[in-house]
2 protein chains.
Amino acid sequence: MVERAGPATSEDLSKMMATNPVVIRRIMAGLRRQGYVRSEKGHGGGWTLACDLSKVTLRDIYTALGSPSLLAIGNRTEAPGCLVEQAVNAALQQAFHDAEERLLARLGEVTLSILSADVHSRLVVRGRSEAMEDDVHVT
Amino acid sequence: MVERAGPATSEDLSKMMATNPVVIRRIMAGLRRQGYVRSEKGHGGGWTLACDLSKVTLRDIYTALGSPSLLAIGNRTEAPGCLVEQAVNAALQQAFHDAEERLLARLGEVTLSILSADVHSRLVVRGRSEAMEDDVHVT
DNA sequence: TTTCATGTAACCTATGATGTTACATGTTTG
DNA sequence: CAAACATGTAACATCATAGGTTACATGAAA
């Protein structure tokens, strides 16, 4: 979206990400609630950025999207009756917490502007390698 | 299983864990391959421990069970074409690795004997609180 | 007033984890 | 040896959930 002059429709975005417009709207709804994007209806409408990319981190987005669990395993039951389960939970609770913290901390370090810059540099690289392929074809 | 004198059948274990005997066998198969348990067929058969509980850690079990992913998120595609995906992966790769390492390290610290001891102490606590409840009922 | 776009509920579908059935293999007991 | 038991495993069924789809209401621009 950074690259675009005007608003991007859910239709456009869904094509880019090989998914469905409604899925895009569902996801963007969370970002809109936090004010990271704006949406306009009608002709020429669509989604536009509404935040300072250097101020918004992946963690903000993670939060806006409902903070789903980062770990594949973890304490399943809130207050398990099974003593073995209790023992395992007690033994690993701290580690789960630490691992999650580590991930969240990193998410908080990565701003959208950093990502944008990285995407740009990757674009350049891709451009160069495509040019090289052309050379090969020509030569 | 530590508590039992003889072998425990998949039937017994499945009842304890509120699941199905076949599910138990599926899981135990992994542990048997690593030599942590033994299985005997026929009358009086079932599962018995075959390892030193102080030598086997949760990490060993995790490995025996096929090292499933510990993180709920992560690099989905091996070599994504999408530049944004590449950029995000690059930014988070280290953090994913660190978080996973932290979990694995902790799993490696927790031996089955530690868990067993903890379960025992919880048994005592539960016993006491039940005794107290009895008192209440009596008084 | 028509066209376009979001907003959202309701439903459909694909996937993976778990549960179940069925049957083969081997072991003990009478 | 035959009957009862228990594992080993394949094949199938069920359930939960993430994602996809349809349908329609709301609102804005041409």
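This structure is a prediction, so every number in the text was calculated from the model and none was measured. Per chain, numbering begins at 1; letters A, B, ... match sequence-line order.
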Exercise for review: Verify the distance criterion only: is there a donor paired with an acceptor across the side chains of A:T9 and A:D12 at less than 3.5 Å?
Suggested key: yes
Check your understanding: When the distance from CE of A:M17 to P of D:dG20 is rounded to whole Å, what number comes out?
Key -> 12 Å
Practice item. Please confirm whether the backbone N or O of A:P68 pairs with a side-chain atom of A:Y62, one donor and one acceptor, at under 3.5 Å? Key: yes
Review point. To the nearest 0.5 Å, what is the distance between CH2 (A:W47) and CE (A:M1)?
Key: 8.5 Å
Point to revise | Within residues 18-30 of chain B: residues closer than 4.0 Å to DNA chain C (heavy atoms) | key: B:T19, B:N20, B:V22, B:V23, B:R26
Revision key, fill the gap. Atom CD of B:E11 and atom P of D:dC5 are separated, to the nearest Å, by 11 Å
Exercise for review: Take A:L115 and A:V110 through the test side chain to side chain contact (heavy atoms under 4.5 Å, CB included) and record every step on the way to the result.
Suggested key: CA-CA 7 Å; A:L115 286 179; A:V110 181; 3.8 Å; yes
Exercise for review: Provide the start and end nucleotides, 5' to 3', of the part of DNA chain C that has atoms under 4.0 Å from heavy atoms of chain A.
Suggested key: C:dT3 to C:dT18
Point to revise | Heavy-atom donor-acceptor pair, A:S14 side chain to A:S10 backbone, under 3.5 Å | key: yes
Point to revise | Rounded interatomic separation in angstrom, taking NE2 from A:H43 and P from D:dA30 | key: 7 Å
Check your understanding: Any side-chain heavy-atom pair from B:E3 and B:H120 closer than 4.5 angstrom?
Key -> yes
**Study point:** Short N-O contact, A:R106 and B:D98, less than 4.0 angstrom
**Key:** no
Check your understanding: At under 4.0 Å between heavy atoms, what does A:G44 touch on the DNA or RNA strands: base, sugar-phosphate, or nothing?
Key -> nothing
Check your understanding: Which distance, rounded to the nearest 0.5 Å, do you find between the CG of A:D52 and the OH of A:Y36?
Key -> 11.5 Å
**Study point:** Short side-chain N/O contact from B:T9 to OP1 or OP2 of D:dA6, under 4.0 Å
**Key:** no
Practice item. Specify the separation, in whole Å, of atom CZ of A:R38 and atom P of D:dA28. Key: 15 Å
